[in-house]
Amino acid sequence: MTHEIVVIPGDGIGGEVVPAAVEVLEAVAGDPGPEFEFAEYEAGDRVAEATGQALPDATYDAAAAADATLFGAAGDTAADVILPLREAVGSFVNVRPARAYPGVDVVRPETDLVFLRENTEGVYAGHENRLSEDLSTLTRVVTTSASERLAEFACDYVAERGGDAFQVVHKANVMRETDGRFRDGVVGVAEERGVDTEEVLMDAFATRVCLDPTEFDVVVCPNLAGDVLSDLAAGLVGGLGLLPSANIGPENALFEPVHGTAPDIAGEGVANPCAAVLSAAMLLDHLGYGSEGDRVRESVEGVLADGPRTPDLGGEGTTEAVTGAIIDRL
Ligand code: NAI
Ligand code: MG
């Protein structure tokens, strides 16, 4: 069976790391592995400048119809691109693993946790208003249905990993109505499913994860908290060049590094391809090729341990050299 993969490099280093991830997918493809057909589409600042539309209809439609999508990053137009793309694939959860790799000099080498971030609402639902010259407001959206759907996913996710508990991060002591609803929805489903939960206030989480990340395993978060706290966790494990993510929907999914377009290093050929390549490994898992996904992760792990490494990890390797080394190990 051939899988149709939509590829959207976007802006900045998206155009450097996404081709690297595609090369890795090509290297694991073929008899007896999966077969892929890649179709590249545009999105982001450059296409917005040219056409006035950051996410062309053709790109949206292609992502909605594809078996899976691999996305890089968009610059100033990020919100105009990634939010509708997540909607195109019907994604309700953003899965963000943050783990430290042996051989990489990091703040917290014992880190190994996964954020399950609500992906459709919260303060990212897009209800912002300019009410006067002096006043702007934002409406935060939280539904029981989205909170419960996220919790169902979290219960399945911990069961697959052989666990029986997850943590829920929120700030329901202050945002009593919205985060209260989120907390009640998530904890209610977990109770029904016989999964234990620990509630952690999001500010306390930020401190605790820095002091001892081994306290955490699977962390269920509202949208903004998941965005911010996963970047914080990236800082514990060597930076944004290492964090992949998966936007999962009922029938479709989109995979992207957590990082943005990195304008400070774009065009220099030194972007770390690992986050994008690890996102491609999550794509393999999602399509049912878990052993190929594991092979990719093992190759990345080997290269991180032995080099070459890109400058963000203290090395002198280029994107091309690191990608080549990953493929050699495959
Ligand atoms: P960023 O993630 O692009 O960069 C933050 C820092 O991490 C920079 O120093 C960068 O060089 C470094 N970095 C990130 N990825 C790296 C990699 N693969 N290898 C080596 N170093 C890496 O975040 P920033 O600077 O806040 O945003 C830049 C642009 O990206 C903005 O226009 C923002 O809107 C956009 N953005 C887009 C996202 C998306 O499309 N999903 C997500 C986050 C930001
Ligand atoms: Mg972010």
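All values below were derived from every heavy atom in this structure, side-chain atoms included, with hydrogens, water molecules and symmetry-related copies excluded. If you read the sequence from its start, that first residue is 1, and numbering goes on from there. Counting convention: from 1, in listed order, for ligands and their atoms alike.
Nearest protein neighbour of atom 21 (N) of ligand 1, counting heavy atoms only, is Ile265 CD1, 3.6 Å. Given atom 27 (O) of ligand 1, the protein heavy atom at minimum distance is Pro263 CD, 4.7 Å. Given atom 44 (C) of ligand 1, the protein heavy atom at minimum distance is Gly260 CA, 3.4 Å. Protein heavy atom nearest atom 5 (C) of ligand 1, with residue, atom name and distance: Leu240 CD1, 3.8 Å. Considering only non-hydrogen protein atoms, atom 19 (N) of ligand 1 sits nearest to Asn272 N, 2.9 Å. When only non-hydrogen protein atoms are considered, atom 8 (C) of ligand 1 lies nearest to Asp264 OD2, 3.4 Å. Nearest protein heavy-atom contact of atom 30 (O) of ligand 1 is Thr261 N, 3.1 Å. Taking atom 12 (C) of ligand 1 as the reference point, the nearest protein heavy-atom neighbour is Ala262 CB, 4.5 Å.
Close approach to Gly75 involves these atoms of ligand 1, each under 4.0 Å from a residue heavy atom: 32 (O), 33 (C), 34 (O), 35 (C). Interface of Asp76 with ligand 1, defined as ligand atoms under 4.0 Å from a residue heavy atom, comprises 32 (O). Close contacts of ligand 1 with Ile13, meaning ligand atoms under 4.0 Å from a residue heavy atom, involve 15 (N), 16 (C), 17 (C), 18 (N). Numbered from 1 in the order shown, with element, the atoms of ligand 1 that lie under 4.0 Å from a heavy atom of Gly241 read 17 (C), 18 (N). If you number the atoms of ligand 1 from 1 as listed, the ones under 4.0 Å from a heavy atom of Ala78 come out as 34 (O), 37 (C), 40 (O). Near Glu256, the atoms of ligand 1 lying under 4.0 angstrom from a non-hydrogen atom of the residue are 41 (N). When each atom of ligand 1 is checked for a heavy atom of Ala73 under 4.0 Å away, the hits are 40 (O).
If you check the side chains of Glu121 and Thr143, you find a donor sitting under 3.5 Å from an acceptor. Side-chain contact annotation: Arg96 with Asn94, donor-acceptor N/O pair under 3.5 Å present.
Looking at Thr319, its side chain does come within 3.5 Å of a backbone N or O of Ala271 through a donor-acceptor pair. Within the 3.5 Å criterion, the main-chain N or O of Asn223 finds no donor-acceptor partner in the side chain of Asn119. With hydrogens and angles disregarded, a donor-acceptor distance shorter than 3.5 Å links the side chain of Arg309 to the backbone of Ala305. Under the 3.5 Å distance criterion, the side-chain polar atoms of Asp217 are left unmatched by any main-chain donor or acceptor of Leu113. With Asp11 contributing its side chain and Asp45 its backbone, the two residues share a donor-acceptor pair below 3.5 Å. Under a 3.5 Å cut-off, the side chain of Glu118 and the backbone N or O of Thr120 do form a donor-acceptor pair.
Of all N/O/S atoms in Asp227, OD1 sits nearest the Mg ion (ligand 2).
By the 3.5 Å distance cut-off applied to N or O atoms, Val17 is not counted among the residues near ligand 1. Annotation: Ile82 places no N or O atom under 3.5 Å from an N or O atom of ligand 1; distance criterion only. Here's the thing with Ala271: none of its N/O atoms is less than 3.5 angstrom from an N/O atom of ligand 1.
Counting all heavy atoms, side chain and backbone alike, Asp179 lies closest to Met202 at OD2-CE, 3.7 Å. Across every non-hydrogen atom of Phe36 and Ala29, the tightest pair is CD1-CB, 3.9 Å.
Only the side chain of Asp312 comes within contact range of ligand 1, with a heavy atom under 4.0 Å; no backbone atom does.
Checked against a 6.0 Å centroid threshold, the rings of Phe205 and Phe216 count as neighbours. Side-chain rings of His3 and Phe38 stay apart, their centers remaining 6.0 Å or farther from each other.
Both tests pass for Arg99 against the ring of Tyr101: distance under 6.0 Å to the centre and angle within 45° of the axis.
Under the 4.0 Å distance rule, the nearest protein heavy atom to atom 24 (P) of ligand 1 falls outside the cut-off.
At least one heavy atom of Ala74 sits under 4.0 Å from some atom of ligand 1.
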